[in-house]
Amino acid sequence: MNGWLMKSEPDTFSLDDLAARPNQTEPWDGVRNYQARNMLRDQMRVGDPILFYHSNCAVPGVVGLAEVASAPRPDPTAFDPEARYFDPKSDPSRPRWYLVDVRYVRHLRRTIPLAELKGAAKGALEGMPLVRNGNRLSIMPVNSAQWAFILGLEELAQPLNQGVAP
DNA sequence: GCCAACGTTGGC
DNA sequence: GCCAACGTTGGC
């Protein structure tokens with residue numbers, strides 16, 4: 001089973017917002033990037049685990065877990081001229097953009113900051129788009145080793161490389 | 001608020 | 001098909 005990391009700006013839609021939704025589930029609309037679209041449309045399966053990431057905020061980082069709760073389907077906001085993410089080039093007979101439903105699972109016991117994850121950019125998280133400078137991909141795959149590494153940080157009060165009192 | 005990195009658009 | 005201009009993302 002493939003894991004994923006999905007970014008959201010907490011001012012727009014936070015993990016708390018997801019937890020407060022009916023069924024704690026929300027259609028993940030508005031993805032307008034082809035690379036993200038392809039992964040979403042072609043590879044996501046119901047039950048895939050998701051790292052929920054807060055971007056563009058005071059402490060960007062992984063804040064919780066979610067899961068894919070539906071098969072991919074066309075994103076209806078692309079057809080709606082009133083919607084922010086309206087795309088006149090997406091036609092219901094040949095949809096250009098897709099979404100899945102995302103369901104809340106739990107908050108992490110602490111936020112795992114991007115700054116901390118970057119410490120592993122040359123190690124356990126080598127090659128992960130998240131830790132590359134200037135990366136804007138809002139959906140990315142997380143393999144099982146990366147998943148285990150990131151969740152392994154949850155229980156640490158401090159990053160490993162900051163040491164502890166003797 | 002600044003700005004680097006990147007994706008998309010459109011002229012040619 | 002190239003590439004400059006532009007707009008957006010997102011860390012800091």
Side-chain angles (χ1 to χ4, degrees), chain A residues 2-19 26-44 48-66 68 72 74-102 104 107-143 146-147 149-154 156-162:
Chain A
N2 224 342
W4 306 97
L5 181 142
M6 297 173 78
K7 295 180 185 174
S8 188
E9 301 191 15
D11 288 349
T12 305
F13 191 80
S14 69
L15 184 62
D16 287 340
D17 293 331
L18 179 62
E26 178 76 358
W28 205 259
D29 57 25
V31 172
R32 297 293 181 269
N33 169 284
Y34 288 102
Q35 207 180 337
R37 188 278 311 268
N38 291 347
M39 291 186 284
L40 194 157
R41 183 191 60 188
D42 303 334
Q43 298 181 270
M44 282 199 180
D48 282 356
I50 297 167
L51 297 172
F52 198 102
Y53 178 92
H54 279 173
S55 65
N56 211 3
C57 55
V59 183
V62 178
V63 295
L65 304 183
V68 176
D75 180 346
T77 67
F79 310 136
D80 176 4
E82 303 299 312
R84 178 182 169 197
Y85 296 111
F86 174 59
D87 182 353
K89 286 174 282 195
S90 185
D91 185 272
S93 67
R94 285 204 67 191
R96 175 174 298 200
W97 305 112
Y98 286 74
L99 58 73
V100 295
D101 289 343
V102 170
Y104 174 82
H107 282 67
L108 297 189
R109 281 176 280 282
R110 68 179 186 107
T111 295
I112 301 175
L114 175 63
E116 197 173 322
L117 297 173
K118 280 189 164 176
K122 297 234 186 317
L125 301 182
E126 178 105 56
M128 195 178 180
L130 185 70
V131 297
R132 279 207 302 267
N133 237 9
N135 193 269
R136 293 156 39 188
L137 192 59
S138 65
I139 297 176
M140 69 189 76
V142 182
N143 69 32
Q146 293 163 343
W147 184 278
F149 177 82
I150 293 170
L151 276 197
L153 297 174
E154 183 182 11
L156 299 180
Q158 299 289 327
L160 280 172
N161 59 11
Q162 287 189 5

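Chain letters run A, B, ... following the sequence lines, proteins first and then strands; every chain starts at 1. Just the heavy atoms: all of them, side chains too, but no hydrogens, waters or symmetry mates, feed the values below.
Closest approach of A:P141 and A:M39 over heavy atoms only: CD-SD, 3.4 Å.
Taking the six-membered ring for Trp and the full ring otherwise, the centers of A:Y34 and A:W97 sit less than 6.0 Å from each other.
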Base-contact (B) and sugar-phosphate-only (S) positions in nucleotides 6-12 of chain C, heavy-atom cut-off under 4.0 Å, - elsewhere: -BBBBBS
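Taking 4.0 Å as the cut-off between side-chain N and carboxylate O, A:D75 and A:R37 do not count as a salt-bridged pair.
The structure places CD1 of A:I139 at 4.5 Å from CE of A:M44, a figure rounded to the nearest 0.5 Å.
The aromatic rings of A:W28 and A:F13 lie perpendicular to each other, with more than 60° between the two planes, well past the 30° mark.
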